[in-house]
Amino acid sequence: MTAAAPLAERTAPPAEWLALAAEDLRALAWLHAEERSPDVLAALFGNGFPETLTLATLDTPAAQAMYAALRALAGDDCDGTPAEGALPASSADDLAADYAAIYLTHALRASPHESVWRDDDHLMLQGPTFAVRDFYRRHGMQVPDWRARADDHITHELEFTALLLERGEQREAARFLKTHLLAWLPDFARRVGQRAATPFYAALGALTLAACEECQRRLPAVAVIPPAVAAEPPRPGGCSG
């Protein structure tokens, strides 16, 4: 049996792949950013989503679940009649209630903010939020209004990863995914999948996770210094330099 190549020997993705991967992440960020109506989601399906994704092809369970959810919203074969075995279409009210429960009221206890998952007290605007903000700042990015949508919201983190890919900063994109997004996204996707009332939102969490994991797999392997170690203050009496 031939041994697998070490992670350090991964072939760097070409620029075209980076651009397509960034496009995927921006599309997912757009879906997390606001409530989308059934008509808008049906139109998205009509334009080829999720078959157009590079990071999650239709042979993955997450993409298949999203395909089925959008197919139901689109009335299946564009004639308004669902096919045998198809999922029931969610109503606008169903989608609105799920969106609110995840992103606004946190009724599902599945916050779209990193800090809630990683802070010991599960609060917003804690250490993880400011660590994300610092990462953004080092790359010249600032969120438009952190009071309306905190720095560590899933939408901002996906858009930032896409920006790094577009710039060709593969190692930094890999580091951000490993240090931040993928440190809490599996828990978010799992809980949304368990508690969402609509197939669309259950699939969106899983699809976002699958896309980010595939992106991480294709990018260079990186070592991440835990923030607590990196920010450790000097001991009393010791040198600070």
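- In this structure the side chain of F45 never reaches within 4.5 angstrom of the side chain of L41, judged on heavy atoms.
- Atoms NE2 and OG, on H122 and S115 in that order, are 10.5 Å from each other to the nearest 0.5 Å.
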Please evaluate residues E169 and R171 with respect to the criterion salt bridge (charged side-chain N to carboxylate O under 4.0 Å, His left out), reporting the C-alpha separation (whole Å), side-chain torsions for both, the decisive distance (0.1 Å), and the verdict. CA-CA 6 Å; E169 298 184 46; R171 296 188 66 82; over 6 Å; no

Yes or no on side chain to side chain contact (heavy atoms under 4.5 Å, CB included) for I102 and L204, after CA distance, side-chain angles and deciding distance? CA-CA 12 Å; I102 298 167; L204 180 58; over 6 Å; no

Check against side chain to side chain donor-acceptor pair (under 3.5 Å), E159 and W30: CA-CA 9 Å; E159 289 177 341; W30 180 80; over 6 Å; no

Under the side chain to side chain contact (heavy atoms under 4.5 Å, CB included) rule, what do F135 and F130 come out as? Steps first, then yes or no, please. CA-CA 9 Å; F135 211 123; F130 299 106; over 6 Å; no

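- When side chains are defined from C-beta on, L73 counts as touching L95, because their heavy atoms get closer than 4.5 Å.
- In this structure, Y201 and Y99 have tilted ring planes: the angle between them lies in the 30° to 60° band.
- Taking 4.5 Å as the limit, some side-chain heavy atom of F200 sits within range of a side-chain heavy atom of M66.
- Once rounded to the nearest 0.5 Å, the distance linking CG of L163 with CE of M141 reads 7.0 Å.
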Given the rule in the side chain to side chain contact (heavy atoms under 4.5 Å, CB included) test, do L53 and L20 qualify, once you have shown the distances and angles that lead to the verdict? CA-CA 8 Å; L53 293 174; L20 292 172; over 6 Å; no

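- Using a distance-only test at 3.5 Å, with no hydrogens or angles considered, a donor-acceptor pair links the side chain of T60 to the main chain of T57.
- Residues L108 and R191 approach most closely at O-CD, 3.6 Å, considering heavy atoms.
- When all heavy atoms are compared, the tightest approach of E172 to H139 is OE1-NE2, 2.8 Å.
- Residues forming a salt bridge (charged side-chain N to carboxylate O under 4.0 Å, His left out) with D134 (at least two apart in sequence, or on another chain): R137, R138.
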Using ring pair (Phe, Tyr, Trp, His ring centres under 6.0 Å), reason through F160 and H180 one step at a time and then give a plain yes or no. CA-CA 11 Å; F160 179 65; H180 291 288; 9.0 Å; no

Derivation of the side chain to side chain contact (heavy atoms under 4.5 Å, CB included) call for L28 and L55: CA-CA 11 Å; L28 292 166; L55 292 174; over 6 Å; no

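- Q216 and A174 get closest at one heavy-atom pair: OE1-O, 3.4 Å.
- Residues satisfying the side chain to side chain donor-acceptor pair (under 3.5 Å) test with H156, not counting sequence neighbours, are none.
- A search for salt bridge (charged side-chain N to carboxylate O under 4.0 Å, His left out) contacts involving R109 returns nothing, not counting sequence neighbours.
- Shown here for D119 and P128, the closest heavy-atom pair between the two residues is N-CG, 4.3 Å.
- In terms of the ring pair (Phe, Tyr, Trp, His ring centres under 6.0 Å) criterion, F49 has no residue partners (sequence neighbours excluded).
- Every residue was checked against the salt bridge (charged side-chain N to carboxylate O under 4.0 Å, His left out) condition with E213, not counting sequence neighbours, and none meets it.
- Q170 CD to L219 CG: the interatomic distance, rounded to the nearest 0.5 Å, is 6.0 Å.
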What do the steps show when you test S37 against D39 for side chain to side chain donor-acceptor pair (under 3.5 Å), and what is the final call? CA-CA 5 Å; S37 71; D39 287 346; 5.2 Å; no

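- Checked against salt bridge (charged side-chain N to carboxylate O under 4.0 Å, His left out), E214 has the following partners two or more places apart in sequence or in another chain: R217.
- Remark: the T129 side chain and the D152 side chain contain an N/O donor-acceptor pair separated by less than 3.5 Å.
- A 4.5 Å side-chain heavy-atom check between P199 and S90 finds at least one atom pair inside the cut-off.
- In summary, E166 and R26 engage in a salt bridge, as defined by a charged side-chain N under 4.0 Å from a carboxylate O.
- No donor-acceptor pair under 3.5 Å is formed between the side chain of D151 and the backbone N or O of R133.
- Minimum heavy-atom separation, C212 to L158: SG-CD2, 3.7 Å.
- Between the CG atom of L165 and the CG atom of L25 there is a distance of 6.0 Å, given to the nearest 0.5 Å.
- Between Y103 and the choices H153, H113, E35, the side chain to side chain contact (heavy atoms under 4.5 Å, CB included) rule is met once, by H153.
- Counting heavy atoms from C-beta outward, C215 and L177 have side chains that approach closer than 4.5 Å.
- Atom CD of E23 has 12 or fewer heavy atoms from other residues, nucleotides or ligands within 6.0 Å.
- The shortest non-hydrogen separation linking P50 to L207 is CB-CD2, 4.5 Å.
- Here the NE2-CD1 distance, from H32 to I154, works out to 4.0 Å after rounding to the nearest 0.5 Å.
- How far OG1 of T208 is from CG of L31: 7.5 Å, rounded to the nearest 0.5 Å.
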Stepwise side chain to side chain donor-acceptor pair (under 3.5 Å) check, D98 with T198: CA-CA 7 Å; D98 245 5; T198 58; 2.5 Å; yes

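- Looking only at side-chain heavy atoms (C-beta outward), W17 and R218 come within less than 4.5 Å of each other.
- Judged by distance alone, with hydrogens and angles left aside, the side-chain atoms of R190 form no donor-acceptor pair with the main-chain N or O of G205 at under 3.5 Å.
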